[in-house]
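Below is one structure, written out as structure tokens; the observations come after it.
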Amino acid sequence: MKPAPQLLVLTLGQGLAGGMTASVGFLASIGGLNHRLALLLLGAALFCAILGGGASFFHMHHFSAARYILRRLKTSWLSREALTTGLFGGTLFLLTVATVWGRLALNSPLYIALAWLVTFFGLVAIFVTAMLYASIPAMLSWHSPVTVLNLLAVGLLGGSGWGGFFGMVEHGPSGQLAAAVAIFLVVTGAVKAFQWHVFSLARHRIRATTGFGLPFAPYRLQDSGTTRAPYRTQTQVHPVISDGLRLRMAVVTAIFLTVLPIVLVILSQIAAEWGWMLGAAISITLGSIFERWLFFADATHSSRVFFADEPREASRVAEPVMRGRLS
Amino acid sequence: MQLTIVTDLNKCVGCKSCQVSCKEHNTSGAYGPVPDAHPRADVDGMWWNRIVTMESGAYPNTSVMYLPKACMHCYDAPCVPVCPTGASYKREDNGVVLIDYDSCIGCQLCMWACPYGVREFDEEEGVVKKCTLCIDRLEDESLPEVERQPACVQSCPTHARTFGDLDDPTSEVARLVSTRQGFGLLPELGARPSVHYLPRRPEPPRVDKETLEKVMAERYE
Amino acid sequence: MAQYLVSLHAQDSTSSTLRHMHTTCYMCACRCGIDVAMEGDKVRFISGIPENPVNKGVWCAKGGAGIMTEYSPARLTTPLMREPGAPRGEGRLVPVDWETALTTVAGWLKDIRRTDPRRLAYFTGRDQMQAFNGFWARQFGTPNWAAHGGFCSVNMAAGGMYSVGGSFWEFGWPDLDQARLFLMFGVAEDHPSNPLKLAISALKEQGGRFVVVNPVRSGYGALADEWVPIRPGTDGAFLLSLMHVLYRENLYDRAYLSAWTNAPGLVIRAPGTDKDGLFYRTEDGDMWVALDSGELVPYAQAQGQGVLEGRFEHEGLELEPAFQTLVREISAATPAWAEQVTGIPKKTIVRLALEMGMTALQHPIVLPIAWTDIYGVQHTETVGRPVAFHAMRGLAAHTNGFQTIRALFDLMMMLGTVDTPGGFLYKSPYPKPVPPRVKPAANPDAYRPNQPAPAPLLGYPTSPDDMLVDGDRPIRIDEAYSWKYPLAAHGAIQNVIGNAVDANPYAIDTLMIYMANVAWNSTWNTLSTREMLTARDETTGEYRIPHVIVFDAFDSETVAYGDLVFPDTTYLERWDATSLQDRPISEPTGPADSIRQPILPAQGNARPTADVLIELANRLELPGFVDEEGTPRYRNYADFIQFWETTPGSGVGLLSGFRGSDGKDELVGEPNPHQLEAYASHKAFWQYELPDEHRYYRMANQGYLEWAQRVKFIDTAEPLTLNLYSEPLQTFRLAGMGQWPGKSPQDDQLKRRLATYFAPVPIWYAPLEDRPEEAESFPLRIITQRPMTHYHSWGSHNTWLRQLLNENPLFMNPIKARELGLSEGQWVWIESRIGKMTGKLRFSDAVEPGTVWTWNAIAKGPGSWALDPQSPEVRRAILINHIIPDRQAGTKDFFNNDPITGQAGWYDARVRVYPSERHEVWPIVDARQPAAAPPPDTDYFAYRSSQSQGR
Ligand SMILES: Nc1nc2c(c(=O)[nH]1)N[C@H]1C(S)=C(S)[C@@H](COP(=O)(O)OP(=O)(O)OC[C@H]3O[C@@H](n4cnc5c(=O)[nH]c(N)nc54)[C@H](O)[C@@H]3O)O[C@H]1N2
Ligand SMILES: Nc1nc2c(c(=O)[nH]1)N[C@H]1C(S)=C(S)[C@@H](COP(=O)(O)OP(=O)(O)OC[C@H]3O[C@@H](n4cnc5c(=O)[nH]c(N)nc54)[C@H](O)[C@@H]3O)O[C@H]1N2
Ligand code: SF4
Ligand code: SF4
Ligand code: SF4
Ligand code: SF4
Ligand code: SF4
Ligand SMILES: [Mo]
């Protein structure tokens, strides 16, 4: 499908914010939080959250109806997302204000509890967002618990990367921080690998036999109703990325999101230089962006059966002449 | 009551009359317009009903199939619960799934939720649009009887489409579905589409095999 | 930028009430009845009229999209004249006022008519007023008029007229309400559109079996119970072998052949004499037939008892029934032979023949309808042979098409299905005599200055004496009715430009083109044809065709070539008639016709073409249009429709309903000055239901024939004997062999063609493009199909229809592609013997492996049709006309036409396909200047007839 920039920013921002808040809680819990560190991390988290929230706002096209957005809390994960993301953003803001205000002792049980509470709201927000994707049967690639794990893992990993970096700047090498990052790296790597498998299964579920009740496969789509598939109006289907692009993006994602950071984290510990950790955090963030792009771009929607060919058959969709206009 | 359309794939020739009559009626109808982009250049527009052409089987046993695809007015319409504002809703009195443009925020989540790719997005108005089962025709008492049915049903030159209440076992649609093995698309996704299709039913050759073999062997081998 | 077609504010509340107007659709040639709902001054909705006999309330994609044709940005709204000094073809046209345009053209035409009326060539494309146009040209006095039939389907029309006095298409029809078996040959997706869809639906409803014979499976073919993929151009062989099996299995209707066809007629066998192959006739001209007893009696007296086989001698002449000649021809056409030619397994051929024969003979339909035949025999019931056929250009558009279609009709006669329930049914005013008794004047002196032609310009020759030749020299610019194309019953529009440029047989002054896109999709070897239109005489520097006048409603490719362009209105803005004098919209159940009425005002300064032609006729004082004093009889076409009669006082005019001063007469009656109003208030059509006893066997139904004579469909109530054997063809063969006493060709090549192709019983020969020496170099056949959503070039300026189809790949069977090492989506060269072009490959298992195909007329020239030059129609669509040869292989003397009728051999072209290094459509012609600056493109275009309910 067409990855909407707003959704990339929203999910990345929300994940990073949640992850960074978690770092705050973690650092506080291990007694490693100081004021500067707290402000840096909370500031960055708030920045990401605002970026994400802003993006999600602009993902709406019909602002005047925004007032109805909480109407369907009972059924709609999007309604719930508006609520939980708002709750997270709000409490994050309050925690930041409280931290700036400076009256709360940073490593006090109260602060620790508050930090973990906000983190909890953050994780709930990520969970709800992830459920929004995971609960749609038609989004064949996403309709699985892996989607929830994936969003949580990538968010926590991103946050821990930055937590590790800021922590190292303040305190020098910390085995605990490095271990936390490393654990998230391994978990995320595993989740990601599993999810790509799920994506591949989803692609192969696109079959005319169910889509059409046709007796003989293979089938060949000759026409989707208009000469070309509807780029503007069917964003959940088009464009379909090529095998080559998918593979390249997956390799790049794997390198930036896990392989390179692992090396960098290890180097940071050996060399005791926070520069390596900064590299790891940046690499993870870039990797998350690639990961998220691929998460959207490569998602298979069931209606693709009516708009594109079976795998391995070239798509009938011609190159658009006016690329600019159609992108 | 569940109003719906049943299409006989044994009769659909893929002429796209229903695709155009849909746009023709609805662009000026209560839920219009049904817009287009770049009408003079690389035109790309909104259609609530698209005829999909599919080839299957290997030559010479090739089959060519046309499938008119609009909103399936699902019993368990997945587009409805996902909608945060309640803009997408299913009418309780007749099962028609509709969108209230005034409360739609244009988030397009319903487009993801719909398994069939029949919802389309109007960028200018910022709302999602789709087949309304021509509800504005069905309920307009000023229209003559022949027009109080979906435009796509009225125009279909092969009378492949039948409109009616699937929940009424005496209706024509219910009869067709039960007697002709009517099926819905992508049943595994659980939307329980009310729109049904009737499969092909090829007429076999009118000469039996033995007669043919005999004639062949006697005179034409 | 958003563009709404209706302003957001200015709509008063009354505009939301709908006004319903009735008229006849013109988005294709089907002529369905449509209800146009108007909201204010905008079209709200177009739908089918339920009572209309053609479409019975349904409408197609094109019909519904008529709204976008009305509001097309490509409309011409003012007369245009080529900019002084600008070369022709670049589209540099400037608006002129009507008076200037009319005076200029009237000046040219007056000059021509005064000196040599032949120097006006008037040719029309898919127009629907051929009766009027033919009358206009005849009054002008030129022989050079024809409509589009030559490049369309004259083989189908002529093949039927010379066999059964009717044909498929607008002249006859498969009775799918009752057929048990239906075979469709060479019909794409939409011919005709709504009527055939309704009929196929009826067939499916009653459980009939549907077999499609076509190299491609799509459209109607997709619904077939069986697809018979045939090699293009080989149907004749297939049909002959079907007849072979029917004959051998004794599955043919002897009684039918003896009673209603000339199969028992005794043919003289006297090779080398001028009688050879002609019927042995009585003094009154009746055929002799033999009875079982051996006794010879005139056909009319034999009462259907004539024998079909045997040899007889009479007065020293050797005689044999005509059927015997057919039997001889088909005896070699074994299924094994046909399998080699057609690619259809012989077992399939035998099975299909058995299915046909057994269905026809062993499962007849018997209707409780009594009727009386020409022999005076009263039948208590009507017997039908429920095997129906339909065929079109897949048979017709080959250079062996005429004989193939003859074969199809002979097969139908063998099965006894012509005008019987469940079979082929005529549409009024058909059947006509075989062939219909109209002939153009054959004498060169018939076309003199300032006088009308003495006879209609088109018709059906019955012997070489009817040829329009002066020795071997053609009289007509298109060489119709010359030795090259003797039975060119529809003229040959595709020959005109080439001949005019070569001054062959003579130069012309003015070419008038109405509703034909001859600079693009209805021409072949397109690039050179475009050059011909701008070719100049080397010595004088003048154009070889000095004046080109174009009547068009839209800014087509051809408009760019007009020296003067007349802007027509759309079909929703003019009076018009579909007429029994033209191509009827009748049903098998009886005659019908309809009108168009202006529902919207004309846009800008557009004027209906017929009105313009009448204005010109009045200025030229053409007889027939003005009275003795020179006073116009008709102010406009509406007048013409109501007052014109075939001959003064005949009571027969363009419309058959609401005739007579009180509007109470039907078919025959005085002109009615309120006829159009009467139609308008009767939902724009008129229909007459034949009583049951007149509905079948009409060629031999005494009651029907008498009625048909009374209403002037036919001159006399004589039986219309079907021609299993075509004596007219044999006369041409005699001329070719130098044995015809009358007009004959001198040139050897011309003689050879007559002798070879004019067989009196159907034959099959390979299409003329199939040359053994090229079998390897051009192994594939390339053909086109019409898409259901587009009517030739008409759809690409229609915002809605454009989206349904705006680019076209070359479809190829993957089996063949693998053989050639080609892959899906690859750019390829498509090369014929005259040139090459590129295209993008698309695999399809629904095409016979020796054939490649694409859609017809989707590609557009840059600058035309108000399209952006980057449009997919320009950049991604291909036009195979570029590489379809215009001349017959190995000669400049003949066009790529059927040697009998002059039908264009569109589907004979052979190509090779190989990878292309060019990844774009090629060739692309130079961009022309649009007739008017097209409106700006927009991101958002939304048509609403009213904003009252809008957001
Ligand atoms: N390769 C290939 N070529 C083919 C064929 C094929 O099968 N394959 N088919 C052939 C056949 S059968 C035919 S009939 C021809 C058709 O070829 P044409 O007769 O040339 O048909 P059109 O492309 O429809 O072009 C007719 C012109 O009519 C104009 N027009 C439309 N409506 C109106 C109107 O209301 N008034 C006026 N004055 N003009 C109007 C259009 O703008 C257009 O310029 O093409 C032939 N060409
Ligand atoms: N929608 C739409 N309808 C139209 C038109 C249009 O442009 N658009 N044009 C109108 C006009 S002018 C005409 S003439 C008619 C033409 O109506 P058709 O004759 O149906 O049209 P074509 O597209 O020429 O289709 C020819 C068919 O013959 C097949 N064919 C080609 N060669 C052979 C062969 O050798 N044997 C057999 N058995 N089949 C073969 C092709 O695959 C194709 O399916 O349609 C009319 N109706
Ligand atoms: S786009 Fe509109 S209708 Fe669809 S889910 Fe969002 S608010 Fe609901
Ligand atoms: S087809 Fe799609 S839009 Fe229609 S009711 Fe079902 S899920 Fe909703
Ligand atoms: S029911 Fe109405 S809105 Fe739905 S596809 Fe048919 S015409 Fe379009
Ligand atoms: S109008 Fe009827 S025949 Fe044509 S595509 Fe639609 S359902 Fe099929
Ligand atoms: S078939 Fe369609 S385009 Fe042709 S006349 Fe009928 S409604 Fe019009
Ligand atoms: Mo045609």
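In what follows, chains are A, B, ... by sequence order, proteins preceding strands, each numbered from 1. The figures that follow rest on heavy atoms only: side chains count, while hydrogens, waters and symmetry mates do not.
If you measure heavy-atom distances from B:A160 to chain C, you find no contacts under 4.5 Å at all. Contacts of B:V215 with chain C are made by side-chain atoms alone, with heavy-atom separations under 4.5 Å and no backbone atom involved. Both the backbone and the side chain of C:L198 come within less than 4.5 Å of a heavy atom in chain B. For B:R200, the part lying near chain C is the side chain, with the backbone staying farther off; criterion is any non-hydrogen pair under 4.5 Å. For B:D8, no part lies under 4.5 angstrom from a heavy atom of chain C. Neither the backbone nor the side chain of B:I51 comes within contact range of chain C; no heavy atom of the residue lies under 4.5 Å from a heavy atom of that chain. Residue contact with chain C, scored on non-hydrogen atoms closer than 4.5 Å, is absent for B:Y31. Residue contact with chain C, scored on non-hydrogen atoms closer than 4.5 Å, involves the backbone of B:C12 exclusively. With a 4.5 angstrom heavy-atom cutoff, C:A866 touches chain B only via backbone atoms. Residue B:C15 touches chain C through both its backbone and its side chain, counting heavy-atom pairs closer than 4.5 Å. With a 4.5 Å cut-off on non-hydrogen atoms, C:I46 touches chain B through its backbone and its side chain both. Contacts between C:N806 and chain B at a heavy-atom distance below 4.5 Å involve the side chain alone, from C-beta outward. Using a 4.5 Å cut-off between heavy atoms, C:P73 touches chain B through its side chain atoms alone.
Of all heavy-atom pairs between C:D845 and B:E55, the closest is N-OE1, 2.6 Å. Shortest non-hydrogen contact noted between C:T938 and B:P39 is O-CD, 3.4 Å. Nearest heavy-atom pair across C:D937 and B:A41 is OD2-CB, 3.3 Å. Of all the heavy atoms in B:D42 and C:P872, the pair that sits closest is OD1-CG, 3.2 Å. B:Y220 and C:P335 get closest at one heavy-atom pair: CD2-CG, 3.6 Å.
Taking the side chain as every heavy atom from C-beta outward, C:L354 and B:L212 approach each other to under 4.5 Å. Side-chain contact between B:H25 and C:R44: present, with at least one pair of heavy atoms (C-beta onward) separated by less than 4.5 Å. Side-chain contact between B:W47 and C:Q803 is present, with heavy atoms from C-beta onward closer than 4.5 Å. Side chains of B:Y59 and C:I815 form a contact here, defined as non-hydrogen atoms less than 4.5 Å apart. Looking only at side-chain heavy atoms (C-beta outward), C:S871 and B:R40 stay at 4.5 Å or farther from each other. Contact annotation: the side chain of C:Y943 never approaches that of B:V34 to less than 4.5 Å [non-hydrogen atoms, C-beta and beyond]. In this structure the side chain of C:M788 reaches within 4.5 angstrom of the side chain of B:V13, judged on heavy atoms. Residues B:Q154 and C:W59 are in side-chain contact: their nearest non-hydrogen atoms beyond the backbone lie under 4.5 Å apart.
Salt-bridge annotation for C:D225 and B:R206: absent, with no side-chain N of the basic residue lying under 4.0 Å from a carboxylate O of the acidic one. Using a cutoff of 4.0 Å between basic side-chain nitrogens and carboxylate oxygens, B:E221 and C:K346 are scored as salt-bridged. The pair B:K11-C:E205 meets the salt-bridge criterion, with a side-chain N (NZ, NE, NH1 or NH2) lying under 4.0 Å from an Asp/Glu carboxylate O.
With a 6.0 Å radius and a threshold of 12 heavy atoms from other residues, nucleotides or ligands, C:R818 has its CZ atom at or below the threshold.
In this structure, the separation between CD1 on C:I67 and CD on B:E24 is 4.5 Å, given to the nearest 0.5 Å. Put simply, NZ on C:K347 and CD on B:E213 are 3.5 Å apart, with the number rounded to the nearest 0.5 Å. Atoms CD and CG, from B:E203 and C:L203 in turn, are 8.5 Å apart once rounded to the nearest 0.5 Å. With rounding to the nearest 0.5 angstrom, the CZ atom of C:F45 is 12.0 Å from the OG1 atom of B:T27. Taken from OG1 in B:T158 to CG in C:L196, the straight-line distance is 11.0 Å, to the nearest 0.5 Å. We find the OG-CG distance between B:S155 and C:N194 to be 9.0 Å, quoted to the nearest 0.5 Å.
Per-residue heavy-atom pair counts under 4.5 Å with chain B were compared for C:L867, C:V847, C:L804, and the maximum is reached by C:L804. Ranked by non-hydrogen atom pairs under 4.5 Å with chain B, the options C:S193, C:G208, C:P869, C:P814 are led by C:G208. For chain B, the option among C:K204, C:E848, C:M358, C:E355 with the highest count of heavy-atom pairs below 4.5 Å is C:E355. The greatest number of non-hydrogen atom pairs below 4.5 Å with chain B, out of C:L801, C:L223, C:T799, C:V874, is found for C:L223. Chain B forms more heavy-atom pairs under 4.5 Å with one residue of C:R248, C:H363, C:H797 than with any other, namely C:R248. For the set C:G207, C:G57, C:G221, C:P50, the entry with the most heavy-atom pairs within less than 4.5 Å of chain B is C:G207.
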Before you tell me yes or no, could you show the steps for B:D36 and C:Y940 under side chain to side chain donor-acceptor pair (under 3.5 Å), namely the whole-Å CA-CA distance, both residues' side-chain angles and the distance that decides it to 0.1 Å? CA-CA 6 Å; B:D36 305 295; C:Y940 190 80; over 6 Å; no

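For C:W800 and B:Q19, the side-chain atoms include no donor-acceptor pair closer than 3.5 Å.
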